[in-house]
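Just so we're on the same page: letters track the sequence lines, and every chain starts at 1. Any value given below was found using the heavy atoms of this structure, including those in side chains, with hydrogens, waters and symmetry copies removed.
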Amino acid sequence: MKSHIADLISKAMDELVAAGVFSSADCHPPVIERTRDPAHGDFASNVAMVHSKAAKMRPRDLAERLLAVLPDSGLVSAVEIAGPGFINFRLADSAYRMLIPEVLKQGHSFGRSSLGAGKRVQVEFVSANPTGPLHVGHGRGAAYGAVVADLLEAVGYDVHREYYVNDAGRQMDILATSVWLRYLELCGEALDFPSNGYRGDYVWDIAATLHREHADAYRHMAEEVFDRVPLDEPAGGDKEAHIDGLIAQAKKLLGDNRYRFVFELGLNVILDDIRDDLSLFGVDYQEWYSERSLAESGAVNKAIERLRGSGHLYERGGAWWFRSTDFGDEKDRVVVRENGQMTYFASDIAYHMDKLERGFDRVIDIWGADHHGYVPRVKAALQAMGGDASRLDVLLVQFAILYRGGEKAQMSTRSGEFITLRELRKEVGRDAARFFYVMRKCEQHMDFDLDLAKSQSSDNPVYYVQYAHARIHAVLRQAADKLIDVQPSEGATHLERLVETHELDLMKTLSRYPEVVESAATNEEPHQLTHYLRELANDFHTYYNAHQFLVGDAALRDARIKLILATREVLRNGLNLLGVSAPEQM
RNA sequence: GCCCCGAUAGCUCAGUGGAUAGAGCAGUAGCCUUCUAAGCUAUUGGUCGGGGGUUCGAGUCCUCCUCGGGGCGCCA
């Protein structure tokens, strides 16, 4: 519809160029938008205002000239000039009615497009360290990333969803050591658990598995384990030095093979849990990319050598620094520590280089907002290596604060007491969690009201939208009971009977759906879709209350059933893009 | 101190440089012999945090300030 109007305007513009009103060089493609106020018609264009300078005419006068040469169209019922120089278009009712058979014909693919032209996009999201279960903070990134990926796919991109598994590094060593210490306690050793260790119950669970399946095979005396390890913070020492000492002891006492076994056990149990959790949340990936594989394949070393070879590294204090300030970062960053170990940043350079080398046209990283300071250095590294940093977009997702009973539901990773994504799903359900997480723009801090998400009332937007879908099915069931044929006649038959304001409003909202999907996808803004679905549900509920669908007049009934079938299709398609179910009964 | 994000109705939030700034909730007043009241109708409610600027036009862009959240490691 929009493109049809754009065509009309372009043709009129060409006429004016031919008439010498302004030159084709000053021509901007026409901007058509939906009007906010129905009094302004259905679509409006600011084309006359934009070109008034080039034409040396007042906007309204230029609009007059345009109207004079605007081609006729059966779809447009009125065109007028309004306000400072807008050209307003009102569509014929028949233009909207034509949409219904189109929606029914396209079914699940209505709203999808080929805008992306098959370009390859990688979306990396969640990528939480496998050192514990996902918590509600990860949930927002998961829901947001999944919907952005699905939206991009819906508009024709070839989407590759990826989870970067941080299965190397110190945090994983801390996890392995935590598991082992808990295991020692289960063996009967008495020890003070390190203040910097992972204290969650899941660590006990993993330790219990180890103990159950391997009895005392990994046991060492507590005195031996803590021998000459620097004191922990509560004992007046340093907690970092303490945990590092314990890691070293674990590696020494267990030896390579046994240490590796404990490490792998912890990693695998937690990673399986994360996979399962995300899958139950409706979040699935094409690839789980291992950080360790980057080190093992030599990709990290290769990346570092490449930077060193091109003169972007320098040595200071025994460490190797990347001169990221050359590319706009606020300070230089260490890539190889004094002790010879690579930093996390070094792996990430290799990882992002690998992303570009895999040939994605676009790479989207979705990170928590607390990582924002990290963006310049990653882009700097890509530039330093001759990569095209403009292909990388980093979307930062702000925190979600949970409220229960009007109070903040606090979480603290330190104590091991946090609300997990699994618990959230259990409490409010997958549908509500998915919907709520994407209701807000990602850069907006979010208040997540648990009570509202659980409530089964019209206050709760997800139920409101789902209820509209279920209600349509209730009507269809009712029709079946009355032995009315719910398979309406083919094509556009009887649609001219749809003349009520409620019906036209509903059709107009339906016609917006493809535009909403396109806009939500290109702006990476899933909330546009949640807002739209609420409006659509509202139009339907209003219609439902105002008119009976299963009327005696067979032609009218046929037309109305077609309209609500089209509505059902769009509700289902929209909810499906959000990863929210469309129940037939509630 | 520097960097990122935010500030719009009592609350939670929409608002691609366009027309008289919107929605939900809360409040107020109504609607169930009916296809699901998990719904609908009407109505109240605004110094778009503040000051400058850019232009035909600013909630939207620039700048300064105020207040909130987060980040500034040879952690990940």
(message) Ignoring hydrogens and geometry beyond distance, is a side-chain donor-acceptor pair present between A:Tyr351 and A:Glu162 at under 3.5 Å?
(response) yes

(message) Would you measure the distance from the P atom in B:U34 across to the matching atom in B:U20 and give it in whole Å?
(response) 47 Å

(message) Less than 4.0 angstrom between a side-chain N/O of A:Asn460 and OP1 or OP2 of B:C25, yes or no?
(response) no

(message) Distance check, C1' atoms only: B:U43 and B:A9, in whole angstrom units.
(response) 15 Å

(request) Using the C1' atoms only, state how far B:A23 lies from B:A14, rounded to an integer number of Å. (result) 7 Å

(request) Round to a whole Å and report the spacing from CG of A:Asn538 to C1' of B:G22. (result) 13 Å

(request) For nucleotides B:A58 and B:C62, find the distance between their C1' atoms and express it as a whole number of Å. (result) 11 Å

(request) Report the distance from atom CZ of A:Phe448 to atom C1' of B:C11, rounded to the nearest whole Å. (result) 17 Å

(message) Under a 3.5 Å cutoff, is there a donor and acceptor pairing between the side chains of A:Arg34 and A:Ser511?
(response) yes

(request) Scan A:Ala82 against the nucleic acid and name what it touches under 4.0 Å (heavy atoms): base, sugar-phosphate only, or nothing. (result) base

Side-chain donor/acceptor pairs under 3.5 Å, residues 440-451 of chain A, sequence neighbours excluded:
unit_1, atom_1, unit_2, atom_2, d
A:Asp449, OD1, A:Asp451, N, 3.0
A:Asp449, OD1, A:Leu452, N, 3.1
A:Asp451, OD2, A:Gly405, N, 2.5

(message) Does A:His547 reach a base, just sugar-phosphate, or nothing at all? Heavy atoms under 4.0 Å.
(response) base

(request) Classify the nucleic acid contact of A:Gln466 as base, sugar-phosphate or nothing, counting any heavy atom under 4.0 Å across all strands shown. (result) nothing

N/O-N/O pairs, protein side and nucleotides 26-29 of chain B side, under 3.5 Å:
none

(request) For nucleotides 66-76 of chain B, just jot down a letter per nucleotide in 5' to 3' order: B, S or -, based on protein non-hydrogen atoms under 4.0 Å. (result) --BBBSSSBSB

(message) What's the gap between B:C11 and B:G45 when it is taken at their C1' atoms, as a whole Å value?
(response) 13 Å

(message) Heavy atoms only, 4.0 Å cut-off, all strands: where does A:Ala470 land among base, sugar-phosphate and nothing?
(response) base

(request) Using atom CZ of A:Arg477 as one end and atom P of B:U34 as the other, report the distance to the nearest whole Å. (result) 17 Å

(message) Tell me every residue that passes ring pair (Phe, Tyr, Trp, His ring centres under 6.0 Å) with A:Tyr163, counting only those two or more places apart in sequence or in another chain.
(response) A:Tyr285, A:Trp288

(request) Quick one, give me the B/S/- string for nucleotides 54-63 of chain B, reading 5' to 3', where B means a protein heavy atom under 4.0 Å from the base and S means that only happens at the primed atoms, P, OP1 or OP2. (result) --S--B----

(request) Return the stacking result for B:A19 and A:Phe86: yes when the ring centres lie under 5.5 Å apart and the planes under 30°, no otherwise. (result) yes

(message) Whether the A:Asn88 and A:Glu80 side chains hold a donor-acceptor pair (N or O, under 3.5 Å, no angle test) is what I'd like checked.
(response) no

(message) I'd like to know if the side chain of A:Tyr202 pairs up with that of A:Asp273 as donor and acceptor (distance under 3.5 Å, no hydrogens or angles considered).
(response) no

(request) Report yes if the side chains of A:Thr343 and A:Trp320 come closer than 4.5 Å at any heavy-atom pair, otherwise no. (result) no

(message) For A:Arg377, is there an ion pair with A:Asp348 - N to carboxylate O distance below 4.0 angstrom?
(response) no

(request) Using the salt bridge (Lys or Arg N to Asp or Glu O under 4.0 Å) rule, collect all pairs that involve residues 550-563 of chain A, keeping only residues at least two apart or in two chains. (result) A:Arg497-A:Asp553, A:Glu503-A:Arg560, A:Asp558-A:Lys562

(message) Heavy atoms only, 4.0 Å cut-off, all strands: where does A:Ala468 land among base, sugar-phosphate and nothing?
(response) nothing

(request) Using the P atoms only, state how far B:C75 lies from B:C4, rounded to an integer number of Å. (result) 26 Å

(request) Take atom CG of A:Asp539 and atom C1' of B:U41, then tell me their distance rounded to the nearest Å. (result) 15 Å

(message) From CD of A:Gln444 over to P of B:C5, roughly how many Å is that when rounded to an integer?
(response) 13 Å

(request) Kindly state which residues belonging to residues 431-441 of chain A come within less than 4.0 angstrom of RNA chain B, counting heavy atoms of the residue only, listed by number. (result) A:Arg440, A:Lys441

(message) Does anything in residues 535-551 of chain A form a salt bridge (Lys or Arg N to Asp or Glu O under 4.0 Å)? List the pairs, not counting sequence neighbours.
(response) A:Arg512-A:Glu535

(request) Answer with base, sugar-phosphate or nothing: what part of the nucleic acid does A:Asp329 contact at a heavy-atom distance below 4.0 Å? (result) nothing

(request) For RNA chain B, write out the stems as range with range, using runs of 3 or more consecutive Watson-Crick or G-U pairs with both distances under 3.5 Å. (result) B:1-7 with B:66-72, B:10-13 with B:22-25, B:27-31 with B:39-43, B:49-53 with B:61-65

(request) Starting at atom CE of A:Met446, determine the distance to atom P of B:C5, rounded to an integer number of angstrom. (result) 19 Å

(request) Say whether A:Asn538 and A:Tyr464, considering side chains only, have a donor N or O and an acceptor N or O under 3.5 Å apart. (result) yes

(request) Compute both the distance and the angle, then confirm whether A:Arg471 meets the cation-pi test with A:Tyr544: under 6.0 Å from the six-membered ring centre, within 45 degrees of the axis. (result) yes

(request) Using distance alone, with no hydrogens and no angle criterion, decide if A:Glu233 and A:Ser195 have a side-chain donor and acceptor under 3.5 Å apart. (result) no

(message) Let's see if you can work this out: which of B:G18, B:C40, B:A7 has an atom nearest to the side-chain heavy atoms of A:Asn46?
(response) B:G18

(request) Measure the distance from NE2 on A:His502 to P on B:C35 and round it to the nearest whole Å. (result) 19 Å

(request) Classify the nucleic acid contact of A:Gln548 as base, sugar-phosphate or nothing, counting any heavy atom under 4.0 Å across all strands shown. (result) base

(request) Please state whether the rings of A:Tyr164 and A:Tyr289 are parallel, tilted or perpendicular, taking 30° and 60° as the class boundaries. (result) tilted

(request) Quick one: classify the glycosidic conformation of B:C72 as syn or anti, with syn meaning within 90° of 0. (result) anti

(request) Sequence neighbours left out, what passes ring pair (Phe, Tyr, Trp, His ring centres under 6.0 Å) with A:Trp367? Give chain and number order. (result) A:Tyr374

(request) Name all residues meeting the side chain to side chain donor-acceptor pair (under 3.5 Å) criterion together with A:Asn129; count only those two or more places apart in sequence or in a different chain, and write none if there are none. (result) none

(request) Check the side chains of A:Gln171 and A:Tyr198 for a donor-acceptor pair under 3.5 angstrom, ignoring hydrogens and angles. (result) yes

(request) Please work out if A:Asn523 contacts a base, only the sugar-phosphate, or nothing of the nucleic acid, heavy-atom cut-off 4.0 Å. (result) nothing

(message) Could you tell me how far B:G22 sits from B:C48 if I compare only their P atoms? Round to whole Å.
(response) 14 Å

(request) Can you tell me the distance, in whole Å, between the NE2 atom of A:His469 and the C1' atom of B:A38? (result) 16 Å

(message) Enumerate the salt bridge (Lys or Arg N to Asp or Glu O under 4.0 Å) contacts for residues 329-340 of chain A, please, sequence neighbours excluded, ordered by first and then second residue.
(response) A:Asp329-A:Arg333

(message) Can you see if the side chain of A:Tyr464 gets near the phosphate of B:C40 - specifically, an N or O under 4.0 Å from OP1 or OP2?
(response) yes

(message) Please give me the minimum heavy-atom distance between A:Val147 and A:Arg434, naming the atom from each residue.
(response) CG2-NH2, 3.8 Å

(message) On RNA chain B, compare the nucleotides closest to A:His40 and A:Asn545; which residue's is nearer the 5' end?
(response) A:His40

(request) Decide yes or no, distance alone: a donor-acceptor N/O pair under 3.5 angstrom between the base of B:A19 and the side-chain of A:Asn88. (result) yes

(request) With P as the reference atom in both, quote the distance from B:C25 to B:A38 in angstrom, rounded to an integer. (result) 15 Å

